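Working notes, structure below.
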Amino acid sequence: RSLDAAVGIARAGWIVAADECRRCPVRRAYAALLGGGARMATDNLLTLTDIADVVAGLLGLAGIGAGGVFHLSANPPVGRSELADRVIADSARGPEMRYRPVRFADLPRGPARPRAAWLDSRRTRARLGLRFRHPHEVIRRKTAVLDRIPALD
């Protein structure tokens, strides 16, 4: 067996940890929604995957020693405005949260990010027999953690 056949590449979208992690799209959305003036793109898609599911996927890949590219991500993709709607619905602070829906093209250009940045994990899930938590569950769990933080910075 050649070395190339044994090399595996695991790709994941946004990994969401059930702690106070600052580099998290759910936390960023939560803080923006509370901060006023938030704008969320209706056509910006991303993948939100629970960290425990990514770890299980990595362990599964290590166990089979397969080569190729594997997507370790929950599906379906979530739009930014859908993420905002879920955070508002799930949060005890939801009544304080607001945003304005916009198109991705209307957002100011900051760090380059694609409009549709999601990964299709059907092949990986079938091959490894994996199940990922639904993105709405990932958002709900993270929002519950954020609700317990007195003030987000």
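All figures in this text were calculated on a predicted structure; none of them were measured in a lab.
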> Is the closest side-chain heavy-atom distance between W14 and R28 below 4.5 Å?
Replying inline: yes

>> Can you list everything that forms a salt bridge (Lys or Arg N to Asp or Glu O under 4.0 Å) with D120? Sequence neighbours excluded, please.
In response: R122

>> Tell me the closest heavy-atom pair linking P95 and A92, and the distance in Å.
In response: CD-O, 3.8 Å

> Taking it one step at a time, do D19 and V145 satisfy side-chain contact (heavy atoms from CB on, under 4.5 Å)?
Replying inline: CA-CA 7 Å; D19 64 8; V145 169; 5.5 Å; no

> With a 4.5 Å heavy-atom cut-off, do S91 and L146 have their side chains touching?
Replying inline: no

Exercise answer: donor-acceptor pairs, residues 51-69 side-chain atoms, under 3.5 Å, sequence neighbours excluded:
{"from": "D53", "atom 1": "OD1", "to": "R133", "atom 2": "NH1", "distance (Å)": "2.5"}
{"from": "D53", "atom 1": "OD2", "to": "R133", "atom 2": "N", "distance (Å)": "2.8"}
{"from": "D53", "atom 1": "OD2", "to": "R133", "atom 2": "NH1", "distance (Å)": "3.2"}

> Looking only at heavy atoms, which two atoms of M40 and A32 are closest? And how far apart?
Replying inline: CE-CB, 4.3 Å

> If you round to the nearest 0.5 Å, how far is CG of L48 from NZ of K142?
Replying inline: 11.0 Å

> Looking at A41 and R103, what are the two nearest heavy atoms and their distance?
Replying inline: CB-C, 4.2 Å

>> Does any part of the side chain of Y30, heavy atoms only, come nearer than 4.5 Å to the side chain of L33, both counted from C-beta?
In response: no

> H136: what forms a ring pair (Phe, Tyr, Trp, His ring centres under 6.0 Å) with it, not counting sequence neighbours?
Replying inline: H134

> What's the shortest heavy-atom distance between P101 and T42, and which atoms?
Replying inline: CB-CG2, 3.7 Å

> Does I15 share a hydrophobic cluster with L119, counting links as ILVMFWY side-chain heavy atoms below 4.5 Å and allowing steps through other members?
Replying inline: no

> If every non-hydrogen atom of A10 is compared with every non-hydrogen atom of L72, which pair is closest and at what distance?
Replying inline: CB-CD1, 3.9 Å

> Which pairs count as side chain to side chain donor-acceptor pair (under 3.5 Å) when at least one residue sits in residues 61-71, sequence neighbours excluded?
Replying inline: R11-H71

> Is any side-chain heavy atom of W118 less than 4.5 Å from a side-chain heavy atom of S73?
Replying inline: no

> What distance separates I149 CD1 from R27 CZ, expressed to the nearest 0.5 Å?
Replying inline: 5.0 Å

>> Once rounded to the nearest 0.5 Å, what's the spacing between atom CG of L45 and atom CZ of R80?
In response: 10.0 Å

>> Once rounded to the nearest 0.5 Å, what's the spacing between atom CG of D43 and atom CG of D106?
In response: 8.5 Å

> Can you name the residues that form a salt bridge (Lys or Arg N to Asp or Glu O under 4.0 Å) with R39, not counting sequence neighbours?
Replying inline: none

>> As a test of understanding, state which of N44, V138, D85, L83 forms a side chain to side chain contact (heavy atoms under 4.5 Å, CB included) with V78.
In response: L83

> Is there side-chain contact between D147 and D90, with at least one heavy-atom pair below 4.5 Å?
Replying inline: no

>> Suppose we screen for salt bridge (Lys or Arg N to Asp or Glu O under 4.0 Å). Which residues come up paired with R141, at least two apart in sequence or across chains?
In response: D50

